[in-house]
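Report on one structure; see the data block that follows.
Sequence positions, counted from 1, serve as the residue numbers for this chain.
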Amino acid sequence: QVQLVESGGGLVQAGGSLRLSCAASGRTFSSYAMGWFRHSPGKEREFVAGITWSGSTTYYADSVKGRFTISRDNGKNTVYLKMNSLKTEDTAVYYCAAVMSPSTPRGEYEYPYWGQGTQVTVSS
């Protein structure tokens, strides 16, 4: 089992940047594929980015490709989401999620472990 705690959210102007962190407990973090999801009012929670257990492969939603970068440091049990060129439509609560899997699914229901979320607000 793994516990996840996100941090790094906040208020930023459009065009700005933020880096989210997700710290994981447990000694088997490197066995988990990790994903970032977001949820904004009136919308379903959506996949943002994912990374394999080794960090060798990453995946992105089309809406963030080229602006967001997911990475991980297995030595620090942490996964990151660097967000550049932020837009007002990126405003959401961002969650990290973990699944013990060789693949990195995009469906939220495939992830059994979730953090509590961190709010990102992008102002115009």
Side-chain angles (χ1 to χ4, degrees):
Q1 191 167 352
V2 63
Q3 293 182 323
L4 306 171
V5 179
E6 301 97 335
S7 62
L11 174 64
V12 63
Q13 286 191 324
S17 298
L18 281 175
R19 189 180 78 159
L20 306 183
S21 299
C22 174
S25 65
R27 292 175 291 178
T28 59
F29 175 71
S30 60
S31 300
Y32 289 85
M34 301 296 296
W36 283 98
F37 290 77
R38 66 187 181 187
H39 186 210
S40 53
K43 296 184 179 180
E44 295 186 354
R45 187 155 56 181
E46 64 174 347
F47 173 84
V48 174
I51 189 166
T52 53
W53 64 270
S54 67
S56 62
T57 308
T58 56
Y59 305 87
Y60 298 95
D62 288 343
S63 58
V64 307
K65 202 171 294 183
R67 300 188 297 122
F68 290 11
T69 303
I70 187 172
S71 62
R72 67 190 296 162
D73 185 337
N74 286 344
K76 295 183 178 180
N77 280 15
T78 302
V79 63
Y80 304 97
L81 185 68
K82 181 66 187 301
M83 306 184 293
N84 295 327
S85 302
L86 282 161
K87 305 175 180 180
T88 55
E89 52 263 44
D90 294 318
T91 295
V93 178
Y94 283 73
Y95 300 87
C96 68
V99 57
M100 189 173 283
S101 171
S103 65
T104 308
R106 292 175 179 248
E108 62 173 309
Y109 298 107
E110 300 187 65
Y111 288 81
Y113 305 110
W114 291 82
Q116 82 290 350
T118 185
Q119 175 71 47
V120 172
T121 302
V122 184
S123 64
S124 58

* Assign the ring pair F68 / Y94 to parallel, tilted or perpendicular, where the plane angle (0 to 90°) is split at 30° and 60°. =>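 Tilted.
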Exercise for the section: Please work out which of the three classes, parallel, tilted or perpendicular, describes the rings of F47 and F37, given edges at 30° and 60°. Expected result: perpendicular
Is it true that a side-chain atom of [X] and a backbone atom of [Y] form a donor plus acceptor pair closer than 3.5 Å?
X: T58; Y: I70; result: no
X: S56; Y: S54; result: no
X: Y59; Y: P105; result: no
X: T121; Y: T91; result: no
X: S85; Y: R67; result: no

Taking all heavy atoms of [X] and all of [Y], pick out the closest pair and write down the distance.
X: S17; Y: N84; result: OG-OD1, 2.9 Å
X: E44; Y: H39; result: C-CD2, 3.9 Å
X: T88; Y: S123; result: CG2-C, 4.0 Å
X: Y32; Y: A98; result: CD2-CB, 3.9 Å
X: A49; Y: L81; result: CB-CD1, 4.1 Å
X: T104; Y: A33; result: OG1-CB, 3.9 Å

In this structure, would [X] and [Y] fall into the same cluster of hydrophobic residues linked by side-chain contacts under 4.5 Å?
X: L86; Y: V48; result: yes
X: Y111; Y: V79; result: no
X: V64; Y: Y95; result: no
X: Y80; Y: V93; result: no
X: W36; Y: V120; result: yes

Under a 4.5 Å cut-off applied to non-hydrogen side-chain atoms, are [X] and [Y] in contact?
X: V99; Y: P112; result: yes
X: E46; Y: R38; result: yes
X: L20; Y: E6; result: no

**Item:** K87 bridged to D90 by N-O distance under 4.0 Å
**Value:**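 Looking at D90 together with K87, the answer is no, because their closest N to O distance does not fall below 4.0 Å.
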- Query: Can you name the salt bridge (Lys or Arg N to Asp or Glu O under 4.0 Å) partners of E108, sequence neighbours left out?
  - Reply: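 Only R45 meet the salt bridge (Lys or Arg N to Asp or Glu O under 4.0 Å) criterion with E108.
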message = M34 vs F29, test: side-chain contact (heavy atoms from CB on, under 4.5 Å). Steps then yes/no.
response = CA-CA 9 Å; M34 301 296 296; F29 175 71; 3.8 Å; yes
* Asked: Are Y60 and T69 close enough, and set up right, to give a side-chain contact (heavy atoms from CB on, under 4.5 Å), and what steps lead you there?
  -> CA-CA 8 Å; Y60 298 95; T69 303; 3.8 Å; yes
message: Applying side-chain contact (heavy atoms from CB on, under 4.5 Å) to T28 and V2, what does each step give before you reach the verdict?
response: CA-CA 8 Å; T28 59; V2 63; 6.0 Å; no
Pairwise distance CG(N77) to OG(S30) - rounded to 0.5 angstrom:
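Going from the CG atom of N77 to the OG atom of S30 covers 8.0 Å.
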- request: Return yes when atom CD of Q116 has more than 12 non-hydrogen atoms of other residues, nucleotides or ligands closer than 6.0 Å, and no otherwise.
  value: yes
